[in-house]
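Structure first, then comments.
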Amino acid sequence: MCAPCCLSQLACCCGSAACSLCCGCCPKIKQSTSTRFMYALFFMLVTVTCVIMMSPTVETAMREHIPFFTEMCNKLNAGENCSTLVGYSAVYKVCFGMACFFFFFFVFTIHVRTSTGCRAAVHNGFWFFKFVALLACCAGGFFLPNQEKFLEVWRYVGAAGGFLFIIIQLMLLVQFAHRWNQNWSSGVKYNKIWYAALALVTLVLFSVAVGALVFMIVFYTDPEACFLNKLFLGVNGGLCLVVSLLAISPCIQTFQPTSGLLQSAIISVYVMYLTFSALASKPVEMVERNGKNVTVCVFPYKSGLQSDTNIVTGVGTVILFGCILYSCLISTTKRSSTALQVYRNDMPENERARCCFCCVDDTEDYDDEKTAGGQNVKYDERDGTIYSYCYFHFVFFLGSLYVMMTVTNWFHYENAKIERLLEGSWSVFWIKMASCWVCLFLYMWTLVVPMLFPKRFQA
């Protein structure tokens with residue numbers, strides 16, 4: 001039993017076979033899903049490495065607990081205490097290697113429409129060799145000539161790619177909001193309980209949005225300071241109200257009857273989250289009271305306690321990982337490829353309301369193949385590819401640039417540390433605040449475009 005399992009895993013790592021686990025009790029997995037999971041695992045390994053490189057705490061722990069650490073660094077010619085392997089420049093080089101890896105596969109898989117060709121086989125298998133290639137690309141960044149010029153140019157490339165990745169994230173959010181409302185609304189004609197579900201979720205989401213707005217007004221405003229905070233809280237809160245009223249207005253309902261408050265509630269919650277994140281990333285302001293400079297408009301966690309800072313940094317890092325993985329994986333499905341398209345007025349005939357609608361795959365017919373003694377693999381790409389291979393790698397290429405810029409605090413890279421991921425900088429503040437407005441604009445566009453171009457969106 002063990003020998004067939006080992007052979008199957010060897011074929012998975014070194015051949016073109018689909019990736020699977022040895023354990024036969026593991027649930028069935030699709031070939032397309034296993035492939036994306038493996039690339040996501042590669043991505044996460046490099047991302048965690050970048051986080052470690054930006055953590056002085058980890059650097060100190062390694063120096064104290066790894067035997068002969070200094071001697072090892074000297075033998076590797078990595079500088080005193082491996083100084084060249086940490087900091088923002090090291091993260092730039094490692095992310096450069098990861099970006100090159102995914103960009104190569106983006107070019108390599110252009111116009112791949114079937115899973116039976118040699119290029120598709122390379123995309124779906126040979127994991128050991130691809131892992132070695134990824135390590136080589138990441139290590140190769142440390143041997144680039146004229147590194148000062150490289151870092152300067154690569155910084156702007158990373159900023160452009162990071163901005164584009166943010167746009168993709170916002171497009172996915174708008175698509176997710178429309179998809180949720182469409183799916184649950186389709187169940188109303190079969191079971192009226194979906195009305196209650198829609199109303200309950202909408203009420204909860206709007207309550208969260210209003211509660212977040214009140215929270216920020218309490219903690220991020222001050223009678224004598226924080227004018228920008230007051231301005232943007234008023235602007236973003238007002239825009240959320242405008243898009244909510246627009247979504248249920250008669251002119252929009254005429255051309256898009258499925259438009260409702262659920263989408264507006266989702267967008268409002270996300271805008272409030274981005275607003276909170278922007279205000280938390282804004283440099284602190286101080287006012288003079290009773291002859292002393294007092295810090296105002298800060299979140300209570302900034303009390304100076306190390307435990308509070310560690311908790312918030314950990315939560316922020318987890319949220320960062322989650323958003324990146326969601327954007328990289330979900331953006332490559334067939335539904336998400338039409339993220340900027342407005343849903344037509346009619347419902348698909350086979351639309352069925354589900355609580356976990358976002359986990360439903362685009363295809364249902366596939367063949368099962370038992371991997372020797374191990375996990376079942378569903379070969380769902382017999383008749384053609386389920387997702388665009390080249391677009392998949394392009395999104396991960398942009399995700400690599402986004403990770404590079406986020407971990408190094410965008411343009412405030414020289415003093416960046418992962419422990420200060422949520423500390424203030426004007427570049428992060430304006431990026432997140434601009435993301436709020438882009439998100440609202442995209443959602444508003446999906447509402448008004450059927451009214452502007454009715455012939456294009458007729459059923």
Please give me the minimum heavy-atom distance between [X] and [Y], naming the atom from each residue.
X      : Y      : value
Gly162 : Leu401 : N-CB, 4.2 Å
Ser89  : Leu151 : CB-CD1, 3.8 Å
Cys240 : Met272 : SG-CE, 4.1 Å
Leu205 : Ala265 : CB-CB, 3.6 Å
Cys439 : Tyr270 : SG-CD2, 4.2 Å
Leu447 : Ile252 : O-CD1, 3.3 Å

So do the side chains of [X] and [Y] get within less than 4.5 Å of each other, counting heavy atoms only?
X      : Y      : result
Leu279 : Leu233 : yes
Val269 : Tyr273 : no
Leu246 : Met444 : yes
Leu262 : Trp180 : yes
Leu170 : Val174 : no

**Request:** Check step by step if side-chain contact (heavy atoms from CB on, under 4.5 Å) holds for Lys282 and Leu228.
**Result:** CA-CA 10 Å; Lys282 181 171 169 283; Leu228 280 180; 4.2 Å; yes
Checklist line | Heavy atoms of other groups near Phe108 CZ, more than 12 under 6.0 Å | finding: yes
Distance, nearest 0.5 Å, that separates [atom1] of [X] from [atom2] of [Y]:
X      : Y      : atom1 : atom2 : result
Asn124 : Arg36  : CG    : CZ    : 10.5 Å
Arg119 : Arg113 : CZ    : CZ    : 9.5 Å
Leu135 : Phe101 : CG    : CZ    : 9.5 Å
Ser268 : Leu241 : OG    : CG    : 8.5 Å
Phe96  : Ser400 : CZ    : OG    : 12.0 Å
Leu245 : Ser264 : CG    : OG    : 8.5 Å

Walk me through whether Phe104 and Thr109 qualify under side-chain contact (heavy atoms from CB on, under 4.5 Å). CA-CA 9 Å; Phe104 168 78; Thr109 55; over 6 Å; no
Next on the checklist: Using ring pair (Phe, Tyr, Trp, His ring centres under 6.0 Å), reason through Trp430 and Phe232 one step at a time and then give a plain yes or no.
Outcome noted: CA-CA 11 Å; Trp430 286 112; Phe232 291 137; 5.7 Å; yes
Does [X] reach the main-chain N or O of [Y] with its side chain, forming a donor-acceptor pair under 3.5 Å?
X      : Y      : result
Thr446 : Tyr443 : yes
Thr202 : Leu198 : yes
Ser277 : Leu274 : no
Arg155 : Tyr92  : no

Before you tell me yes or no, could you show the steps for Met98 and Met404 under side-chain contact (heavy atoms from CB on, under 4.5 Å), namely the whole-Å CA-CA distance, both residues' side-chain angles and the distance that decides it to 0.1 Å?
CA-CA 10 Å; Met98 180 167 62; Met404 181 183 77; over 6 Å; no
Distance-only side-chain donor-acceptor flag, [X] / [Y], under 3.5 Å:
X      : Y      : answer
Lys130 : Tyr39  : yes
Thr221 : Lys230 : no
Thr35  : Tyr389 : no

Is the Phe42 ring parallel, tilted or perpendicular to the Phe131 ring (thresholds 30°, 60°)? tilted
Plane angle bin for Trp154 and Phe150 - parallel if under 30°, tilted between 30 and 60°, otherwise perpendicular:
parallel
Quick note, side chain to side chain donor-acceptor pair (under 3.5 Å) partners involving residues 235-247, not counting sequence neighbours, are Asn236-Thr275, Asn236-Trp437
From the list Phe102, Tyr391, Phe103, ring pair (Phe, Tyr, Trp, His ring centres under 6.0 Å) with Phe397 holds only for Phe103
Between Phe105 and His393, is the ring centroid distance below 6.0 Å? yes
task = Apply the test side-chain contact (heavy atoms from CB on, under 4.5 Å) to residues Phe276 and Tyr220: give CA-CA distance (whole Å), side-chain angles for both, the deciding distance (0.1 Å), then the verdict.
result = CA-CA 9 Å; Phe276 164 74; Tyr220 285 97; 3.5 Å; yes
